[in-house]
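Data block below; observations after.
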Amino acid sequence: MTSPYKISERLLAVQILGSLLQQHGSLAGLLDNNTLAKVQSPALLQELCYGVCRWYPRLQFYLQQLLDKPLRSKDLDVQCLLLVSLYQLLFMRTPDHATVNESVAAVETLGKSWAKALVNAVLRKAQREQADLNALAERDYSVWYAHPEWLLNQLKKDWPQDYRTLLDGNNQRAPMTLRVNARQATREQALGLLTSAGVAVKPGALSPYSLYLAQPMDAVVIPGFVEGLVSVQDEASQLVASLLPLATNLRVLDACAAPGGKTCALLEAEPTLQVLALDNEARRLPRITQNLERLGLYAEVRCADITRTPSAEFGHFDRILLDVPCSATGVIRRHPDIKVLRTPAEVENLVQKQRALLESAWPLLNAGGYLLYSTCSLLKAENSKQILQFLSAHADAEHIALEVAGTLACDAGIQLPPQTGGPDGFFYALLRKSLD
Ligand SMILES: C[S@@+](CC[C@H](N)C(=O)[O-])C[C@H]1O[C@@H](n2cnc3c(N)ncnc32)[C@H](O)[C@@H]1O
């Protein structure tokens, strides 16, 4: 009987990685549901694509050592096939002979029969010389920790004591975390319900609403998810509701709101808040509305860019959440393609954008009000340096110290490192506007 699936996981991974290396899309975009439905094992396809990205700088190094001369750019498919196969040989438990045989066979399907001997030779050499390859890789941190050199150097500069912990954290697999909707149940009640439904969870240490799943699963099959009992959200993101001082009936601006994870976390903690949720990307707004509806919450949702809209259109707010676009270097474990795609020039652009967002949001804050600035970045230029620069230019801005366990020492704000089985890498800074 012929397989109903048109393509093998290996060959589809080769196509997806080829697109990614040519800067055509992101992993999350390329691995959409339609694509996953093309193969028998979507989990294997994801493992191959995410695994190759996670270890890309190391795998590329191995490949350079194993090839007599570099492959031509028109043979990107052969390169991707070798990267996938090296990942299987060196990081997965796939039997070696199966990896080698299937990879050699895949060369034929790619229409590159000439590369059969090459693929066979490279993979067999990798098997034989694994220990020597590792010894060579260990000499170079960029290779060993599998981070692009510019990022490794920046992290080392920013965090001379802690950068290796951060690099390690970025290479772990991220846990799946739930936020319990306090409108519907206490965390203990939700834990009891999930446990009795056979879903193993344990509470997180930082957010009072967090539950960590022992095994990731499809959100929609989590008991209570559809009914709004729980949402999927990392524990670091959930902290927003603990760090922004809340009270009844405050007027709140969530200036970069889509897809609405933090809007909903705030409203679950204090449902009387009058929230205006803005985002400048119209296509991302429906996600905010869907999340609010599922959770039985209300916020005004609008498409707007506060850096371009006259402030009179919005009025003033008691609280502002500024969860700015950033390099996402704190969530590399969830999006390892950042290692392949992100450039230093992009980070510089983001720093400028964040500065503009801060400058535009500040006049919208009432005297005595609080602004919480957050990023999922580990880079000081986007975090403490950004805040220090803002404080030096705004005499009416006061820095309020925050306390969360496990953060790294910082000149302003708090920096959470990505933690194994714990929260993502995240930065928060709380500012208060003086009364006079
Ligand atoms: C980090 S994401 C926000 C995530 C969201 N707060 C959550 O927790 O679900 C940053 C968002 O900022 C939006 N954004 C970027 N520039 C913006 C601008 N100038 N005005 C409003 N939104 C902007 C992006 O479209 C993106 O949705």
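Order of appearance sets the numbers: ligands from 1, and atoms from 1 within every ligand. Values below: all heavy atoms of this structure, side chains included; hydrogens, waters and symmetry mates excluded. Because the structure is predicted, anything quoted here is derived from the model rather than measured.
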Would you please name every residue forming a ring-ring contact (aromatic ring centres under 6.0 Å, His included) with Phe225, sequence neighbours left out?
->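 Partners of Phe225 by the ring-ring contact (aromatic ring centres under 6.0 Å, His included) criterion come out as none, since no residue qualifies.
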Among all residues two or more places apart in sequence or in another chain, which pass the side chain to side chain donor-acceptor pair (under 3.5 Å) test with Tyr56?
->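 By the side chain to side chain donor-acceptor pair (under 3.5 Å) rule, Tyr56 matches no residue at all.
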Can you list, by chain and residue number, every protein residue with a non-hydrogen atom closer than 4.0 Å to ligand 1?
->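 Ligand 1 pocket, heavy atoms under 4.0 Å: Ala255, Cys256, Ala257, Ala258, Pro259, Gly260, Gly261, Lys262, Asp279, Asn280, Glu281, Arg284, Ala304, Asp305, Ile306, Asp323, Val324, Pro325, Lys353, Leu357.
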With the threshold set at 4.0 Å, does a side-chain nitrogen-carboxylate oxygen contact exist between Arg54 and Glu47?
->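 Looking at Arg54 and Glu47, the cut-off is not met.
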Pair Glu398 + Arg432, salt bridge at N-O below 4.0 Å |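 Judged by the 4.0 Å cut-off on N to carboxylate O distance, Glu398 and Arg432 do form a salt bridge.
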Pairs where residues 284-299 contributes a residue and the test side chain to side chain donor-acceptor pair (under 3.5 Å) is met, not counting sequence neighbours =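 Checked against side chain to side chain donor-acceptor pair (under 3.5 Å) - neighbours excluded - the pairs reaching residues 284-299 are Ser231-Arg294.
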Do Phe61 and Trp144 make the cut of ring centroids closer than 6.0 angstrom?
->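 They do not qualify: ring centres at least 6.0 Å apart.
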